[in-house]
Amino acid sequence: MFKKWGIIAVVCLLLAGCSKDAGIEEAVAEDTGEDIEDVVEEVIEEEPVPLPFVAPFTGIGSEVELKQRPVMVTINNHPQARPQSGISQADMIYEVMAEGNVTRFLAVFQSEVPDNIGPVRSARDYFVEIAKGLDAFYVAHGYSPDAQKMLNARVVDNINGMQYDGIFFKRSSERKAPHNSYISSENIFAGADRVGASMEINKIPTFSFYETAEGAKLGSPASNVSIRYGSGTSFENEYNYVQEQGIYERKSAGILTIDKEKQTPVKLANLIFMEIPHKTIDNAGRQKLSLADGGKAYLFQAGIMKEIEWKNVDGILVPMENGIPVKLVQGKTWISIVPTNPGIESMVKYLP
């Protein structure tokens, strides 16, 4: 009998021990967080710290101050000169008529100067005026009589292929003259040194920029823009807004405008069309442009169109709205100069 009760007592003690161990394990489970949902930590994204400097022609932030003087190069836009070299790296490009409804590019390089630029073409007096307004070091190959007088008088610091062909300007074997003159960044600086020109920026342009492209999204939707110089298609240009990238791509005569060196499309943040009076002054069809008076302008940015105006502010053609410089989207800008006859409303078309 005693033995039976002894067995029962041992069993009770064992059960009590198991219960105690189970309690300890449960407590440990509570302490270690078992069977409790993981805590998801909230990640707070810090806003990017603004860079201390801004590129004066693009509004893009920079870690270093960009002290480079702007370089303006007349680039050939004849169909046989396409695709051109270096144009994807231009901060700003003016497209301006020469003779016979042929346009040329005035490519402005400040935040960077590409290794190879061209084909380089000849100067006109109003090209020189635009370079003077920007205080740019001006590069061209050839000139009209009026432009030659201005360049000889050093209205702007410049080098020209007429004096330096084969020295600073090199001919490409891939194309025929006059569509084969090129200049390197190294030779631009060597040429500036030869003529004693400072290459440090001295005049900051009057351009204003949004902090983000969101600020530009107020106006009439416009995803496609086109302009035609003359009656043919060789100088018919089309711009399409690529919403995913927030930029415009350009086509000329139906062909995508690319940089020959990089084989990449030219990507533009702003399109500006400025209406300016043109007058034919000789039998060769040379033009005289009135750059001082201001006038109508269209602005396309972030897929939006605005009717604005332009004014000559200390020599610079500045897009204006309500009497102040209009804000541009950070990035590269293309400025098309439009003759008053037939006029901006007739020449520039856009679709939502």
Side-chain angles (χ1 to χ4, degrees), residues 55-58 64-76 84-87 89-96 98 104-170 178 181-207 286 288-289 291-292 312-318 333 335 337:
F57 288 88
T58 66
V64 297
E65 187 175 4
L66 299 174
K67 297 182 179 182
Q68 169 65 53
R69 183 182 188 178
V71 174
M72 193 177 88
V73 184
T74 297
I75 296 182
N76 194 338
Q84 296 91 340
S85 297
I87 56 174
Q89 293 171 266
D91 292 343
M92 187 170 285
I93 292 180
Y94 297 81
E95 183 169 7
V96 193
R104 292 185 181 164
F105 300 159
L106 306 180
V108 180
F109 303 94
Q110 195 276 329
S111 56
E112 56 181 334
V113 182
D115 292 336
N116 196 37
I117 303 172
V120 184
R121 203 63 170 92
S122 57
R124 297 294 178 267
D125 56 325
Y126 43 97
F127 299 176
V128 179
E129 287 185 52
I130 293 172
K132 179 185 177 184
L134 297 171
D135 190 35
F137 182 73
Y138 181 47
V139 179
H141 193 143
Y143 29 62
S144 66
D146 288 339
Q148 182 181 12
K149 293 175 184 177
M150 297 175 74
L151 296 175
N152 288 344
R154 294 298 296 270
V155 170
V156 292
D157 290 330
N158 74 94
I159 55 172
N160 196 286
M162 295 297 285
Q163 289 78 45
Y164 296 106
D165 196 2
I167 302 173
F168 299 132
F169 295 78
K170 305 297 182 181
S181 177
Y182 291 81
I183 191 166
S184 65
S185 56
E186 181 181 358
N187 281 342
I188 288 174
F189 291 105
D193 185 64
R194 173 75 65 90
V195 299
S198 169
M199 292 305 285
E200 185 169 332
I201 192 167
N202 187 50
K203 182 178 181 179
I204 304 300
T206 314
F207 298 123
R286 294 190 180 95
K288 185 73 175 179
L289 272 61
L291 300 179
N312 187 313
V313 180
D314 193 23
I316 301 176
L317 311 184
V318 180
T333 297
I335 300 175
I337 304 300

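These figures come from a predicted structure and were not determined experimentally.
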K.L.:
I need the minimum non-hydrogen distance between I130 and L106, along with the two atoms involved.
P.N.:
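Distance-wise, the nearest heavy atoms are CD1-CD1, 3.8 Å.
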
K.L.:
Taking atom CE of M162 as the centre, does the number of heavy atoms from other residues, nucleotides or ligands within less than 6.0 Å exceed 12?
P.N.:
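Open.
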
K.L.:
Distance-only criterion, 3.5 Å: show the donor-acceptor pairs between side-chain atoms of residues 182-198 and protein atoms not counting sequence neighbours.
P.N.:
| residue | atom | partner | partner atom | Å |
| --- | --- | --- | --- | --- |
| Y182 | OH | R175 | NH1 | 2.8 |
| S184 | OG | N187 | N | 3.1 |
| N187 | ND2 | F168 | O | 3.1 |
| S198 | OG | E200 | N | 3.3 |

K.L.:
List the residues meeting side-chain hydrogen bond (donor to acceptor under 3.5 Å, both in side chains) with K288, not counting sequence neighbours, and say none if there are none.
P.N.:
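If we apply the side-chain hydrogen bond (donor to acceptor under 3.5 Å, both in side chains) test to K288, skipping adjacent residues, the hits are D125.
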
K.L.:
Does anything in residues 133-158 pair up under salt bridge (Lys or Arg N to Asp or Glu O under 4.0 Å), and if so which pairs, sequence neighbours excluded?
P.N.:
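Applying salt bridge (Lys or Arg N to Asp or Glu O under 4.0 Å) to every pair that reaches into residues 133-158, excluding sequence neighbours, yields R69-D135, R69-D157, R154-D157.
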
K.L.:
Carefully, step by step, assess V318 and N312 under the rule side-chain contact (heavy atoms from CB on, under 4.5 Å).
P.N.:
CA-CA 6 Å; V318 180; N312 187 313; over 6 Å; no

K.L.:
Less than 3.5 Å apart, any donor N or O on the side chain of T58 or D91 sitting next to an acceptor on the other?
P.N.:
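No pair is found: no donor N or O on one side chain lies under 3.5 Å from an acceptor on the other.
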
K.L.:
Are any non-hydrogen side-chain atoms of V139 and N158 less than 4.5 angstrom apart?
P.N.:
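In short, these two side chains do not touch, never coming nearer than 4.5 Å.
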
K.L.:
Determine, step by step, whether I117 and Q84 satisfy the side-chain contact (heavy atoms from CB on, under 4.5 Å) criterion, reporting the C-alpha distance in whole Å, the side-chain angles of both residues, the deciding distance to 0.1 Å, and the verdict.
P.N.:
CA-CA 8 Å; I117 303 172; Q84 296 91 340; over 6 Å; no

K.L.:
Less than 4.5 Å apart, side chain to side chain, heavy atoms only: is that true for K203 and L134?
P.N.:
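In short, these two side chains do not touch, never coming nearer than 4.5 Å.
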
K.L.:
For Q163, what residues pass the side-chain contact (heavy atoms from CB on, under 4.5 Å) criterion, not counting sequence neighbours?
P.N.:
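With sequence neighbours excluded, Q163 shows a side-chain contact (heavy atoms from CB on, under 4.5 Å) to Y143, N160, given in chain and number order.
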
K.L.:
Is any side-chain heavy atom of L151 closer than 4.5 Å to one of V128?
P.N.:
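Yes. Closest side-chain heavy atoms under 4.5 Å.
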
K.L.:
In chain order, what residues pass the salt bridge (Lys or Arg N to Asp or Glu O under 4.0 Å) check against K67, with sequence neighbours excluded?
P.N.:
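For K67, no residue satisfies salt bridge (Lys or Arg N to Asp or Glu O under 4.0 Å) once neighbours in sequence are set aside.
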
K.L.:
Taking all non-hydrogen atoms of both residues, which atom of I316 and which atom of P205 are closest, and how far apart?
P.N.:
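Result for this residue pair: CD1-CA, 3.7 Å.
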
K.L.:
R104 vs F127, test: side-chain contact (heavy atoms from CB on, under 4.5 Å). Steps then yes/no.
P.N.:
CA-CA 10 Å; R104 292 185 181 164; F127 299 176; 4.3 Å; yes

K.L.:
Only counting residues at least two apart or in another chain, list the ones meeting side-chain contact (heavy atoms from CB on, under 4.5 Å) with D165.
P.N.:
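Counting only residues at least two positions away or on another chain, D165 forms a side-chain contact (heavy atoms from CB on, under 4.5 Å) with H141, F169, R171.
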
K.L.:
Excluding sequence neighbours, so at least two apart, what forms side-chain contact (heavy atoms from CB on, under 4.5 Å) with K132?
P.N.:
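Partners of K132 by the side-chain contact (heavy atoms from CB on, under 4.5 Å) criterion, ordered by chain and then number, come out as V155, V156.
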
K.L.:
Any non-hydrogen side-chain atom of S111 less than 4.5 Å from a side-chain atom of Q89?
P.N.:
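With C-beta onward as the side chain, the pair stays apart.
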
K.L.:
Residues in side-chain hydrogen bond (donor to acceptor under 3.5 Å, both in side chains) with R124, at least two apart?
P.N.:
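R124 satisfies side-chain hydrogen bond (donor to acceptor under 3.5 Å, both in side chains) with E99, S122 once adjacent residues are dropped.
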
K.L.:
What residues, two or more places apart in sequence or in another chain, satisfy side-chain hydrogen bond (donor to acceptor under 3.5 Å, both in side chains) together with S144?
P.N.:
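Not a single residue meets the side-chain hydrogen bond (donor to acceptor under 3.5 Å, both in side chains) criterion with S144.
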
K.L.:
Distance from F57 atom CZ to Q68 atom CD, nearest 0.5 Å?
P.N.:
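Reported value, rounded in 0.5 Å steps: 10.5 Å.
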
K.L.:
Applying side-chain hydrogen bond (donor to acceptor under 3.5 Å, both in side chains), name anything that partners Q110, two or more places apart in sequence or on another chain.
P.N.:
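side-chain hydrogen bond (donor to acceptor under 3.5 Å, both in side chains) list for Q110, sorted by chain: empty.
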
K.L.:
Looking only at heavy atoms, which two atoms of A98 and Y126 are closest? And how far apart?
P.N.:
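Nearest pair, atom of A98 first, then Y126: CA-OH, 3.7 Å.
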
K.L.:
Do T74 and Y138 come close enough that some side-chain heavy atom pair is under 4.5 Å?
P.N.:
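The answer is yes; the side chains approach within 4.5 Å.
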
K.L.:
Give the intermediate values and the outcome of side-chain contact (heavy atoms from CB on, under 4.5 Å) for residues I75 and V120.
P.N.:
CA-CA 5 Å; I75 296 182; V120 184; 5.9 Å; no

K.L.:
Would you say V73 and V108 make side-chain contact, with heavy atoms under 4.5 Å?
P.N.:
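When only atoms from C-beta onward are counted, V108 and V73 do not touch, as no gap falls below 4.5 Å.
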
K.L.:
Please report the closest heavy-atom contact between M92 and Y94, naming both atoms and the distance.
P.N.:
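That would be SD-OH, 3.8 Å.
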
K.L.:
Evaluate the side-chain proximity of I335 to I93: yes if any heavy-atom separation is below 4.5 Å, no if none is.
P.N.:
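Sidechains of I335 and I93: no contact.
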
K.L.:
Would you call P119 and S181 a side-chain contact if the rule is heavy atoms closer than 4.5 Å?
P.N.:
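Heavy-atom side-chain distance check fails, nothing below 4.5 Å.
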
